[in-house]
Amino acid sequence: MIQIAIMGLGTVGTGVAKVVAENARQIEHKLGEPLQVKAILVRHFKDGPYRQLMTDDFRKIEEDDDIRVVVETIGGVGAAYEYTKRALMAGKHVVTANKQLVAEHGCELLALAKKKNVNYLFEASVGGGIPILHPLTQCMAANRIDEVYGILNGTTNYILTRMVRTGAFFTDALREAQAKGYAEADPTADVEGIDAGRKICILADLAFGHQVEPDKVPMEGITKLSLRDVKIAQRAGYRIKLLGRAVRLPGGGRTAYVAPHLIPEENPIANVEDVFNAVMVKGNATGEVMFYGKGAGELPTASACVADVMECLQASPKREEIGWSDNTDGFEDPLELHTRYYFRIEGSLTDAAMAFGQVEVLSEDGETAFLTDRISGQDAVQQAKFLNVLASMRVLS
Ligand code: HSE
């Protein structure tokens, strides 16, 4: 019998307990022994199927030598950070879905895990049930990764889909996403792009091998997005999606950011809807590789956590290759990127042309919506100062 503990019994923690119970036979077959949840750390006891396993004392897990893997689903960096360090120090593997903790302290926690000869695994922290971190670091290991971009937040993609398809109001669509267990405890992190920002930091850390500090990454969500722009974009053959992007720059630097983008409808990412996420990885040998699946929710996220638990128990003695340097040099402002821009201005085509030269007009209906040629972010910001800008976005090309 192999025993594990879960810390936190929210959406993901409950999902982990369910997957361990419901898929017990498959898991036992693969591990050669049954897997059992021995303890669940909670702040408040509550009735239900796991009542007998609950404890509010972390030391019961820390000091129990029978518990080999701890699944951290507390979230945030307070207690989760403290208990993760203590569990690793106690020689236990730790598995998590906690993107904030990995984005902010992953490098340090990986170093601690290495020192203690255990694993710190976090496949569930990006893309929910989509296998992305293992393929990025293992299957694509022979590549130089030049870019990673994708729809990294299920809640905002769900909200956008509901608003565009059925005309739902933002607040109603958000409430639905919360009821389905997609949103963060504080959904501001979803709708303001912060959750996607943490995920793009983790992807960039692994893709480029250097720590990307979340507070250096510009993050913009969907709260300022207007349905007017969605409709103009659709008529012109584009979809608007919230993307996280990490790019290797020509001079050797790197950048990352989160913002809504216009995406040409022929790009498969343009048609990723509801809670689904998709991550595109550009390797110099593979070209573009796309990963697609449910990016949030109880069971998809738990699936990734339990797979990491199984990997800890099978790996002998541990996986060496996951990790990155704490050197943050070479991170540059995303305004360095050159791309086409979408603008909607209060003004005429002449105003647009005076600022940007030749532009492609998408709509002239009192306001003017247009696409620029490829320009740098600095030029876009500079020229926009001469216009009354109602909306602006990058175009993914
Ligand atoms: N709130 C997150 C999302 C959960 O909506 O994508 C999965 O990380």
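As the structure lists them, so they are numbered: ligands from 1, and atoms in each ligand from 1.
The backbone N or O of N143 lies less than 3.5 Å from no partner atom in the side chain of N284, so there is not a single donor-acceptor pair.
The cluster map of Ile, Leu, Val, Met, Phe, Trp and Tyr, joined by side-chain heavy atoms under 4.5 Å apart, puts I200 and V77 in the same cluster.
For Y341 and F356, the gap between ring centers reaches or exceeds 6.0 Å.
Around ligand 1, the residues contributing at least one heavy atom under 4.0 Å from the ligand are K99, N153, G154, T155, Y182, A183, E184, D190, D195, K199, G295, A296.
When hydrophobic residues (I, L, V, M, F, W, Y) are linked wherever their side-chain heavy atoms come within less than 4.5 Å, the members clustered with Y149 are I151, L243, I263, I269, V272, F276, M280, M290, Y292, L396.
Y158 and Y182 have perpendicular rings, their planes meeting at more than 60° on a 0 to 90° scale where under 30° would count as parallel.
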**Report entry** Check against salt bridge (charged side-chain N to carboxylate O under 4.0 Å, His left out), D195 and R198
**Finding:** CA-CA 5 Å; D195 178 77; R198 291 170 180 148; 5.3 Å; no
